[in-house]
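This report concerns only the one structure given below.
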Amino acid sequence: QVQLVESGGGLVQAGGSLRLSCATSGRTTTSYAMAWFRQAPGRDREFVAAVGWRGFSTRYADSVKGRFTISRDGTKNTVYLQMNSLKPEDTAVYYCAVDGRPLTIAANFIPNYWGQGTQVTVSS
């Protein structure tokens, strides 16, 4: 079993930046793809970005391409989401997820484990 804890959310003005972190424990996640999803009020949870198990492959939702960057630190079992040029429509609860299948690349990501989420609010 793996536990995921997100941090770094908060309130920011449009055009600002935030960096989310997701720390994992319980089982090493260095051999597993990881990703970020988000869920805005009244909407379904949606994919944001994924990174492959080695950190080389990445995939992004069209809505965040060029603004968000996902990365991982294998030594710390941590994945990050750098969010720049934030927009009010980026407001949501952001969730970290892990693919339970080892050695998966970003393009094939399927979430198996979830964190509790961290709130990101972007004011206009």
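- Thr69 OG1 to Arg19 CZ: the interatomic distance, rounded to the nearest 0.5 Å, is 10.5 Å.
- Side-chain atoms of Val98 and Asn112, non-hydrogen and from C-beta on, never get closer than 4.5 Å to each other.
- For Gln39, the CD atom is densely surrounded, since the number of other residues' heavy atoms within 6.0 Å is greater than 12.
- Here Cys96 contributes atom SG and Gln116 contributes atom CD; the two are 11.5 Å apart, rounded to the nearest 0.5 Å.
- Leu18 CG to Gln82 CD: the interatomic distance, rounded to the nearest 0.5 Å, is 8.5 Å.
- A distance of 9.5 Å separates NZ in Lys65 from OG1 in Thr58, rounded to the nearest 0.5 Å.
- Within the model, atoms OG of Ser17 and CG of Asn84 stand 3.5 Å from one another, a figure rounded to the nearest 0.5 Å.
- Here the side chain of Ser57 pairs a donor or acceptor atom with the backbone of Ala106 at under 3.5 angstrom.
- Cluster membership for Leu81 and Trp53, using ILVMFWY side-chain heavy atoms within less than 4.5 angstrom, is not shared.
- Tyr80 and Tyr60 fall into different hydrophobic clusters, where Ile, Leu, Val, Met, Phe, Trp and Tyr are joined by side-chain heavy atoms under 4.5 Å apart, directly or via other members.
- Not one N or O on the side chain of Arg43 forms a donor-acceptor pair closer than 3.5 Å with the backbone of Arg38.
- Heavy-atom minimum distance, Met34 versus Cys22: CE-SG, 4.3 Å.
- Scanning both residues, Pro111 and Ala97, for their nearest heavy atoms gives CB-CB, 3.9 Å.
- Proximity of a side-chain donor or acceptor of Thr104 to a complementary backbone N or O of Ala33 within less than 3.5 Å is not detected.
- Side chain of Thr91 to backbone of Val122: a donor-acceptor contact under 3.5 angstrom is found.
- The main-chain N or O of Gly117 is found under 3.5 Å from a side-chain atom of Glu6 such that the two form a donor-acceptor pair.
- Heavy-atom minimum distance, Val48 versus Val64: O-CG2, 3.6 Å.
- A salt bridge does not link Lys87 to Asp90: none of the charged side-chain nitrogens sits closer than 4.0 Å to a carboxylate oxygen.
- Under a 4.5 Å side-chain heavy-atom cut-off, the cluster of Ile, Leu, Val, Met, Phe, Trp and Tyr residues that includes Phe47 is completed by Phe37, Val93, Tyr95, Phe109, Trp114.
- Here the CZ atom belonging to Phe68 is positioned 11.0 Å from the CH2 atom belonging to Trp36, to the nearest 0.5 angstrom.
- Between Asp99 and Asn108 the shortest heavy-atom distance is OD2-O, 3.7 Å.
- When all heavy atoms are compared, the tightest approach of Arg67 to Leu86 is NH1-CA, 3.9 Å.
- Cluster annotation: Val12 and Leu20 are assigned to the same hydrophobic cluster (Ile/Leu/Val/Met/Phe/Trp/Tyr, side-chain heavy-atom contacts under 4.5 Å, transitive).
- Arg54 is linked by a salt bridge (Lys or Arg N to Asp or Glu O under 4.0 Å) to nothing, counting only residues two or more places apart in sequence or in another chain.
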